[in-house]
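Just so you know, ligand 1 is whichever comes first in the structure, and atom 1 is the first atom listed for that ligand.
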Amino acid sequence: MDKTVREVKQRSWMKWLWGNMQGHRVLYVTAIIMTIVYNIMQLIVPYYSGRIVTLFEEAGAKGTPLTDNLDEFILNLSLMIGLTLVRITIVYFTCMAYEYVSQHALYKIRNFLFDKIEHQDMNFYNEYRTGDLMTRLTGDLDAVRHNVAWVIKSVVDSFSLFIATAVYFFIMDWLLALCVLSITPLLFLVILRFKKASAQKHRILRDKLSNLNTDAQENISGNRVVKAFAREEYEKDKFNRSNTDYAEANMDTQRTWLRYFPVIETFANLLPVILLLAGGLFIINGRIGIGEYVSFSMLIWAIANPMRMLGNIMNEFQRFAAASKKVMEIYNSQAGIVSKENAIKHPDRFKGLIEFDHVSFGYEGGAVPVLRDISMKIEPGQTVAIIGETGCGKTSLIHMIPRFYDPAEGEVRIDGINVSDYELTDLRHNIGLATQDVLLYSDTIEGNIAYGDSSLSQDEVVKYARYSAAQEFIDKMPDGYETIVGERGVGLSGGQKQRISLARALAIKPSILILDDTTSAVDMETEKHIRDSLNELDFNCTKIIIAQRISTTKYCDKIFVMGDGRIIEEGTHKELCMKGGYYANLVELQTGLELKDGVLKDSVNMTAQLAGKGVN
Ligand code: GTP
Ligand code: MG
């Protein structure tokens with residue numbers, strides 16, 4: 001991984017969740033306290049039942065009628081019913097509170113994550129696959145919410161019920177309580193072993209889900225390629241494999257749970273048996289009365305259920321642990337390219353002087369060298385072209401200007417100041433970039449053009465569409481500017497997409513306009529129209545145009561020819577034609593004519609060829 005990418009700070013999940021509950025912490029703590037309270041209140045029914053049974057028992061022993069103790073009987077019964085109703089009300093509001101806090105924490109984390117992802121640098125997008133990021137934003141985050149709303153609540157539920165009951169048992173009869181609780185240490189050992197086994201299974205399961213989502217996402221967005229190569233069956237098999245992997249990982253996780261589940265269940269089921277044996281014995285020898293036994297027996301579930309639940313809770317907690325690790329990785333990540341602490345604010349337009357000063361750069365921390373010692377100067381308002389064979393580093397070069405990447409050596413300056421010293425948003429607001437790989441949003445054409453400046457008026461949208469020679473085809477569309485273009489501009493031709501992308505770049509009235517192969521898919525006439533419009537823009541702007549066609553570069557103030565990451569030639573069209581180097585060869589190749597002293601002449605070969613074909 002690129003060292004410049006980011007540092008991942010590991011913070012404990014509790015601290016992290018606590019941080020995201022800000023504003024709702026009091027409610028959450030109240031919910032936890034109320035959970036403890038209502039669990040203690042679970043003892044109400046058995047307690048009062050025990051007392052009522054004791055009343056019967058005493059009456060029976062004394063031979064007095066029950067009506068003698070009617071008031072006490074009614075009081076006990078009323079308290080039992082009344083307090084139970086109070087308990088149910090508390091349970092209701094507590095559940096609501098957990099849900100409320102968890103939803104708010106989820107909302108906050110999701111927004112924060114999205115913001116983090118939005119502000120990441122290119123290295124981040126090279127490293128993380130879309131499907132994986134989507135999994136983090138959806139499934140993983142839901143596991144986090146589930147932890148706040150259910151897992152933590154269940155832990156408090158189980159422990160408070162268990163402890164309250166254990167204390168109550170000890171108060172009633174310590175020896176019987178000890179007998180009943182004697183198996184709990186063994187159960188904890190089993191749960192600890194289960195935790196170890198299930199942690200890894202949940203990590204694998206989570207990764208398989210991410211693979212499945214990535215496969216689905218890539219297939220849906222790349223569906224046209226799949227169809228073009230008739231690879232549906234292949235993709236179906238590939239998806240099937242991911243699906244099988246995921247299903248098997250799920251089964252494996254369940255199998256681990258099922259291996260431990262019977263042991264835990266056996267321990268829980270042993271409790272009533274122990275109570276029956278020990279309790280029966282203690283009744284016979286007079287250690288406890290029937291009323292106490294009834295209380296014990298009515299509450300034995302309050303020991304058994306938390307024991308049963310513990311396995312389930314551990315299982316869910318491991319799911320959360322695997323998911324939260326993935327979420328926190330993004331949450332705590334730092335973008336490698338950010339504004340400096342004392343960054344220069346520059347809300348105004350740049351003059352547009354661009355300098356590359358001995359710039360070198362390589363991807364993957366320099367492992368793939370791409371730019372080698374590049375120096376060039378572009379004056380404000382100039383239109384320059386960059387030309388060179390495919391893969392020589394043209395796109396990489398212009399990506400240094402808006403700081404998509406930072407140079408390994410040297411510096412890029414705008415108006416004499418290193419681009420890394422500017423506030424990043426101010427820098428980027430000043431640059432209009434039409435990327436080589438055009439991406440349009442699922443929105444109207446108007447929405448796409450006004451993407452960088454939503455305050456743009458309809459007239460201005462039309463003006464920029466005219467500049468980029470897009471107006472004509474947009475007018476012909478049934479809904480004109482209101483036409484919805486699909487994801488990635490589906491429904492438009494390559495050249496149409498390029499023109500909308502150009503209009504979008506122009507619409508922010510940038511002080512630096514960068515066009516990366518933006519007219520490669522348009523015809524020569526349209527290209528000329530665009531070239532003329534660019535000369536007549538109603539704002540000052542330095543233009544950098546990456547192009548393969550001589551017809552585009554010819555009219556530029558200066559041309560930089562790149563080869564293998566270096567500037568190998570620079571000058572005007574005329575100068576480079578005179579030079580007789582790479583550019584001059586390109587001119588000959590593209591025109592089919594020969595250069596003599598920098599002037600194009602009919603080549604002898606061409607004339608002969610044409611003559612041979614009877615064309616004179
Ligand atoms: P064309 O657009 O085809 O004309 O090429 P270009 O001159 O714009 O080349 P570009 O700057 O895109 O790429 C230069 C070199 O860097 C090529 O060898 C690419 O394989 C490599 N490269 C480009 N982008 C990346 C990237 O994101 N990661 C890595 N590792 N290499 C990259
Ligand atoms: Mg390129």
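Numbered from 1 in the order shown, with element, the atoms of ligand 1 that lie under 4.0 Å from a heavy atom of Val370 read 14 (C), 15 (C), 16 (O). With ligand atoms numbered from 1 in the order given, ligand 1 contributes 10 (P), 11 (O), 13 (O), 14 (C) to contacts under 4.0 Å with heavy atoms of Ser396. Within ligand 1, the atoms closer than 4.0 Å to a non-hydrogen atom of Gln436 are 1 (P), 2 (O), numbered from 1 in the order shown.
Under a 4.0 Å N-O distance rule, the pair Lys238/Glu235 qualifies as a salt bridge. Residues Glu460 and Lys509 are paired through a salt bridge, judged by an N-O separation under 4.0 Å between the basic side chain and the carboxylate. Using a cut-off of 4.0 Å between Lys/Arg side-chain N and Asp/Glu carboxylate O, Asp237 and Arg241 are scored as not salt-bridged. Under a 4.0 Å N-O distance rule, the pair Lys326/Asp132 does not qualify as a salt bridge. A salt bridge does not link Asp115 to Arg110: none of the charged nitrogens lies less than 4.0 Å from a carboxylate oxygen.
Relative orientation of the Phe361 and Tyr405 rings is tilted, given thresholds of 30° and 60° on the angle between their planes.
The closest approach between any non-hydrogen atom of Gln548 and ligand 1 is below 4.0 Å.
Counting protein heavy atoms only, atom 3 (O) of ligand 1 is closest to Thr390 OG1, 2.5 Å. The protein heavy-atom contact nearest to atom 17 (C) of ligand 1 is Gly391 O, 3.8 Å. At the shortest separation from atom 31 (N) of ligand 1 among protein heavy atoms lies Tyr363 CD1, 3.3 Å. Closest protein heavy atom to atom 12 (O) of ligand 1: Thr395 CB, 3.6 Å.
Donor-acceptor pairing under 3.5 Å is recorded for the side chains of Asn430 and Ser511. A donor-acceptor contact under 3.5 angstrom links the side chains of His573 and Tyr583, judged on distance only. Asn418 and Glu411 share a side-chain donor-acceptor pair at under 3.5 Å.
Heavy atoms of Asn126 found under 4.0 angstrom from ligand 1 belong exclusively to the side chain. Under 4.0 Å from ligand 1, the heavy atoms of Tyr405 that appear belong solely to its side chain.
Polar contact with ligand 1: present for Cys392 (N/O pair, distance under 3.5 Å). Between Gly393 and ligand 1, a contact under 3.5 Å exists for at least one N or O pair.
Considering each of Glu389, Lys394, Glu364, the one bringing a non-hydrogen atom nearest atom 30 (N) of ligand 1 is Glu364.
Using a 4.0 Å threshold on non-hydrogen atoms, atom 19 (C) of ligand 1 does not count as touching the protein.
Centred on the Mg ion (ligand 2), the OE1 atom of Gln436 and the OG1 atom of Thr395 lie at an angle of 90°, reported to 10°.
Cation-pi check for Arg231 over Phe229 is not met; the charged atom does not lie both under 6.0 angstrom from the ring centroid and within 45 degrees of its normal.
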